[in-house]
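Below: one structure, written as structure tokens.
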Amino acid sequence: MQQDRLWNEWHPVSKAVDLLDDPKQVFVLGERVVIFRNEKGVHAFKDLCIHRGAALSLGKVKNGNLVCAYHAWEYDCAGACVKIPALPNDRPIPTKARATVYHCQEQYGLIWVCLGDEPAPLISYPEYTLDGYHTAICGPYEVKANAPRIIENFLDVSHLMFVHQGMLGDKEHAHVADYDVKFLDNHYITSKIPVYQPNPDGRSKGGYANYVYEILNPTTARFTKTTDGSDEEFTILVAVNQEDNEKSKAFMLLTRNYDLDKPDDTFIEFQDLIFNQDLDIVESQKPELLPLDLQAELHLKSDALTIAYRRWLDELGVENGTIAISEEKRKRRVVK
Ligand code: FES
Ligand code: CO
């Protein structure tokens, strides 16, 4: 059950701008995957040539086909082998000569891959195309931790005053006001949570920021920060790709509706710094798999959001937050 849920989710594997002419190797839930781009769009295969098992990501894209580096078998973007140079012209290409095709799409400046047969809907992030809003993409941040630990850290309100002291919080204002967590339209959303922030987004404009957090699926979450008396909105969407049982990569979309003429660097560098502050903590957390038994750790009222997250993972059957994939699932072939 748990494997099905994550197997059918969309996982962010690359910034779109980082996938150009050459194929690229990525990992999703322990699976080695090659992504490539041709004039029809973006595509993902199991990164394995059926001939002698070479990584297709070592090859090239030629005339829209992915060409293996070893003996130059050519695969079209539906995964069919359309050319075997060693085969005399009068011999047909064996029908078994196919690549394993996964679902792949480009959206919100990222390349997303789904390994499963029944892809869940991709998350919706309307701010990305809203007039008057601009998005900068951060990451990928490499983390030696499981995706649920990274998502939980993103949703954790009461660490801001300590890990990000002087920026996203101040230890003299460590109290977290009560807030609600609701399940609406298939995801979790909080009421506004006021947090005193000396430097909320890198521009050093301190004050109270109101956070509204949302958990979109087991590996994607977001918040929007606003300030009373101002129209400025600042949203961060985090999407985490669990590469295998030890490593994840996190991508972040920073969206703002102000200072659109300013370079993105200020915001990106600030976020890099914030993420680095969290890194040691997240990588240090034991057990590695998020404990979904709520008796296993202590919780406060201010942890309502992370409790909701753990409960949701449990309900969805993402057992113990683990992402381990069964061999049976690994072998399954997905055809678009
Ligand atoms: Fe790919 Fe031989 S291993 S063509
Ligand atoms: Co943090």
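Along the sequence shown, residues are numbered consecutively beginning with 1. Each ligand, and each atom within it, is numbered from 1 in the order the structure gives.
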Requested in this report: Run the numbers for me: atoms of ligand 1, each under 4.0 Å from some heavy atom of Trp73, listed by number.
Outcome: 4 (S)
Query raised in the report: Can you tell me if Cys68 has an N, O or S atom under 2.8 Å away from atom 2 (Fe) of ligand 1?
Result: no
Requested in this report: Calculate the angle formed at the Co ion (ligand 2) by OD2 in Asp278 and NE2 in His159; 10° precision is enough.
Outcome: 150°
Query raised in the report: Which of these passes side chain to side chain donor-acceptor pair (under 3.5 Å) with Glu232: Lys225, Lys205, Arg203?
Result: Arg203
Query raised in the report: Of all heavy-atom pairs between Leu87 and Arg91, which one has the smallest distance, and what is that distance?
Result: CD2-O, 3.6 Å
**Report entry** Top protein contact for atom 2 (Fe) of ligand 1, by heavy-atom distance
**Finding:** His71 ND1, 2.0 Å
Query raised in the report: Is there an N/O/S atom in Asp156 that lies less than 2.8 Å from the Co ion (ligand 2)?
Result: no
Requested in this report: Flag the pair Arg32 and Asp244 as a salt bridge only when some basic side-chain nitrogen lies within less than 4.0 angstrom of an acidic carboxylate oxygen.
Outcome: no
Query raised in the report: Do you know which two heavy atoms are closest between Pro148 and Tyr309, and how far apart they sit?
Result: CA-OH, 3.2 Å
Query raised in the report: Is the distance from atom 2 (Fe) of ligand 1 to the nearest N/O/S atom of Cys49 under 2.8 Å?
Result: no
Requested in this report: Report the name of the N/O/S atom of His51 located nearest to atom 2 (Fe) of ligand 1.
Outcome: ND1
Query raised in the report: Which residue and non-hydrogen atom of the protein lie closest to atom 3 (S) of ligand 1, and at what distance in Å?
Result: Arg52 N, 3.3 Å
Query raised in the report: Looking at Asp314 and Arg311, does any basic side-chain N land under 4.0 Å from a carboxylate oxygen?
Result: no
**Report entry** Salt-bridge contact Lys247-Glu142 (side-chain N to carboxylate O under 4.0 Å)
**Finding:** no
